[in-house]
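Here's the structure, in C-alpha cells; my notes come after.
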2 protein chains.
Amino acid sequence: MSRTASIKDVANHAGVAVGTVSNVLNYPDRVSERTKVRVLQAIDDLGFVRNDAARQLRAGQSRTIGLIVLDVGNPFFTAVVRAAEDAAALSGSAVLLGDSGHKAERESHYIDLFQEQRVQGLLISPVGDVTERLDQLRERGVPTVLVDRRADETRFSSVSVDDDAGGYLAARHLLDVGRRRLAFVGASLAIRQVADRLQGARRAVSEFPDASLEVLEAEGQTVLAGRTVGNSLVERADGGLPDGIFCANDLLALGVMQSLTMMHTVRIPEDTALIGYDDIDFAVSAVVPLSSIRQPTEALGRTAIELLAEENSSNGEHQHRAVVFTPELVVRQSTVRD
Amino acid sequence: MSRTASIKDVANHAGVAVGTVSNVLNYPDRVSERTKVRVLQAIDDLGFVRNDAARQLRAGQSRTIGLIVLDVGNPFFTAVVRAAEDAAALSGSAVLLGDSGHKAERESHYIDLFQEQRVQGLLISPVGDVTERLDQLRERGVPTVLVDRRADETRFSSVSVDDDAGGYLAARHLLDVGRRRLAFVGASLAIRQVADRLQGARRAVSEFPDASLEVLEAEGQTVLAGRTVGNSLVERADGGLPDGIFCANDLLALGVMQSLTMMHTVRIPEDTALIGYDDIDFAVSAVVPLSSIRQPTEALGRTAIELLAEENSSNGEHQHRAVVFTPELVVRQSTVRD
DNA sequence: TCGTAACAATGAAACGATTCAAAGAATTGA
DNA sequence: TCAATTCTTTGAATCGTTTCATTGTTACGA
C-alpha cells in the first residue's frame, strides 16, 4: 500500500516547487494559469489530500472548535449542536463534539483532548464547577463560552436562556386563560433551571391577588414521575384539583397528561389546563397537543460561536458578554380549546 | 499573551534534552526517577500540553476515528455513538462525530474533513451510494466500516441488525399470544429496513395456516402518521379490527395506541395487541407500556470499532466481515396483560 | 583497578505544510 | 534596446513532536 501523497510528491509530479503547490491551494491568483492547471492535474493524479496536522502545526492553531454538551440525546442540545456546526461552517471551522453525559470525568477527558488538539475555542455546558479549569484554559489562549449557564461576566462569555422569564410566561399564560389555582410540578428544585422557572411562575402569580401556586415535587424529570404526580392529582379530582398545571419539563407534563386523561374524569383543558417546558417533538403529538415553552436553540448555538469569534479576534483584553435569550410561548390545545 | 509552552521550553526549564522530555511522556521507565521528577515539575510549572498536531504529523496517523451518522437526534444512533466512543477510548482513540442529517452534501463534507485529519478509519451510516468514494478512501489507507447497512463483503466490513429477524420476532410474538388477524403498519416500504421487517413478519405469518397479514401504509414514520392509521382502525372497531398490530417503529405504534385508547372502544391488549420497533425511551412510559424490538446498539458500536481495528492491524489483504446482529423482543403490557 | 554490561541522556533528522525573501521571467515604456 | 516594473516561481526555514543511533554514566564482577 503506497504512502499517501504529500505536497512534495505533487510538486515533483508537476515539475514545480513545493511553494508553488502551496500557492495553488492557498493563493490561486498568485499562480499563472498554466502552472495552476498542471498542479491541479497532479493533485488529481496522485489523489493528494492536505495533511491537516501539518497545516495546523505550522499555523499554530486548528480550525476546529470544541463543544461539550451534557447529553447528545437531549433534543435541546442536539439542536444547539446543529446550529453551532452550521455557524462554525460559515467561517470555515469544524466542530468537535464531546458528550459528557453529565459526568465530570468524561468532561475533563474532553477538555484535555481538545486542548491537545489546540482548538480555537471551547463551548461548554459544564457538569460541575469547572471555572478554575476554564480560567487556566483562557490563560493559555483557549477562549471559552459557557452554554446554557449564565456566567460571571468578568470571567467568561456565556449564552443562556432566561428560565425565570420562561416560568413567568408559562404561569402568566395559565392566568391569562382564567386559571387561578395553579400548581408547579418539578423535580430537584435545587437545579438552577428548575428553581428559576418556579421563581418566574411565582412572580406571575403574585400579580394576581386571587391566584395561588402550589408546588408538587416529582421524583424525577421523566414521564413516569409525571404519571405518579398525575395519579395523586386524579384522586383529588372532585374540588381540590388545580385548574392550571405548569410542569418544569415536557416529559413530566406528558406523564401528568396520561394520568389525567386515562381516567376520563378530568378533561384537558376544560377542567385543568396543562403546560410544559422545552417543546420537545413529542409535545405536538401528545393525545392533547401540549402547550409549552420553546427555547431558541438555534440562536443559542449560533451566538455561542459568534461570542467565541469575538473573543478570538479581540486578542488581549476583551469585555465578556453574557447573552440571555428569552424563551417563547407555544400555545396548543392543552391550555386553549380551539 | 505568552505562546503556549513547547517540549523545548520544558527541556530548557528542566535542564534536559528534548528527547528526554519525550521519553518521560512516552516511555517513563526509560528515564531515571530523578530526571522524571524534574521534568514533570517543569511540565507543571509551564502548564505544558502536548501538541497533538505535531504528534500526528510525526506519527503519520491520528488517534481519532471518524463516525458519520444519519441523525444524532435519533436515539438509535446516539446509543451507537456512545458505545463506539467507549470502545475507542479503550484503545486510546477518540471519536470525531459527524451528523450528515440525511444530506449527501454534509456527508461528503465530513468525509473530506476526516480525510484531511488522517483519521485511523471511518465508521459510516451512509446516506446515498458512497461506495465509490469509500473505495477510494480504502485505497488511500483509510479503512471503512459500514454501520447499520449490510455491505458487499468483498469490499467492506459492516455491522448491521437483522431486520428480517426483527420482523419475524415481532410477528411471531403476536402469533404466539394467539393473534391471527395481523396488520403491519409502516411508511415508505422502499426503505430496506422497513421492507425487511415486513418480509420477516410475512415469514412468521406463513408458518400459521390460519393467520393473515394486512399491510397498512402510513404517511410517515411519526406519531401523527400513526394516529391517522389508528383513526382509520377505530372506525372498523366492530369486527374488522386486526387483533395484532406490528408497527415498523415505535413512533407509529405510539400514534396508533393513542387513537385506539382515546376512544375507549378498543382495549389494548385485550382487543388488539400492539408491538413497535426500536424500543425508544418513550415505549416504556406510554399509556400502555409498549412491547417492542430492541436493537443491540451497544454491540453495534463496539463491534464497528473492533472491525476497524482488525482491518488496521492486518495491513494489506484482509478478509472483510459483515457482522449481523439479532434484535431482541421486549415484552410489555401492550401485548400481554400482566 | 579495569573491562563490560546495563542503563540514561543526547540531539539531529524527519514528518508535511506554509511563509517569505530572493531570484528569475515577462512586460512595459522610452 | 535597455531599464524599470510587475508578475511567477523558488526553496530554505519553521512549527513541535518522536525516533534512534550515539555518547555518556553507573554498577558490578573478576
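Just so it is clear, the values below take in all heavy atoms, side chains as well, and ignore hydrogens, waters and symmetry mates. Order of the sequence lines fixes the chain letters, A, B, ..., with proteins taken first and strands second; residue numbering starts at 1 for each chain. Source: prediction; values computed, not measured.
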Specify the separation, in whole Å, of atom [atom1] of [X] and atom [atom2] of [N].
| X | N | atom1 | atom2 | answer |
| --- | --- | --- | --- | --- |
| A/K8 | C/dC15 | NZ | C1' | 9 Å |
| B/I43 | D/dG16 | CD1 | P | 16 Å |
| A/Q117 | D/dC15 | CD | P | 21 Å |
| A/R30 | D/dT10 | CZ | P | 15 Å |
| A/K36 | D/dT9 | NZ | P | 10 Å |
| A/L25 | C/dA17 | CG | P | 9 Å |
| B/N12 | C/dT10 | CG | P | 11 Å |
| B/L46 | D/dG16 | CG | P | 13 Å |

Would you please confirm or rule out a distance under 4.0 Å between OP1 or OP2 of [N] and any side-chain N or O of [X]?
| X | N | answer |
| --- | --- | --- |
| B/S32 | C/dC7 | no |
| A/Y27 | C/dT19 | yes |
| B/R50 | D/dT18 | yes |

key: Residue whose closest nucleotide on DNA chain C lies nearer the 5' end, B/V31 versus A/A5   =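 Its nucleotide being nearer the 5' end, the pick is B/V31.
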What's [X] touching, base or sugar-phosphate or nothing? Going by heavy atoms closer than 4.0 Å.
| X | answer |
| --- | --- |
| B/G19 | base |
| A/R55 | sugar-phosphate |
| B/N26 | sugar-phosphate |
| A/T20 | base |
| B/S22 | base |

Taking only the side-chain heavy atoms of [X] (C-beta and beyond), determine which of [options] contains the nearest atom.
| X | options | answer |
| --- | --- | --- |
| A/N51 | D/dC15, C/dA17, D/dT18 | C/dA17 |
| B/V16 | C/dT18, C/dC15, C/dT10 | C/dT10 |
| B/N23 | D/dG16, C/dT10, C/dG11 | C/dT10 |
| A/I7 | D/dT9, C/dT18, D/dG16 | C/dT18 |
| B/R58 | D/dT18, C/dG16, C/dT18 | D/dT18 |
| A/T35 | C/dA17, D/dT17, D/dT8 | D/dT8 |

Between [X] and [Y]: side-chain donor-acceptor atoms closer than 3.5 Å:
| X | Y | value |
| --- | --- | --- |
| A/Q295 | A/D278 | yes |
| B/Q193 | B/D148 | yes |
| A/E116 | B/N51 | no |
| B/S160 | B/S158 | no |

request  = Apply the test side chain to side chain donor-acceptor pair (under 3.5 Å) to residues A/H320 and A/E311: give CA-CA distance (whole Å), side-chain angles for both, the deciding distance (0.1 Å), then the verdict.
outcome  = CA-CA 8 Å; A/H320 298 290; A/E311 203 141 339; 3.3 Å; yes
ask   = Any salt bridge between B/R106 and A/D86, counting N to O under 4.0 Å?
value =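 Looking at B/R106 and A/D86, the cut-off is met.
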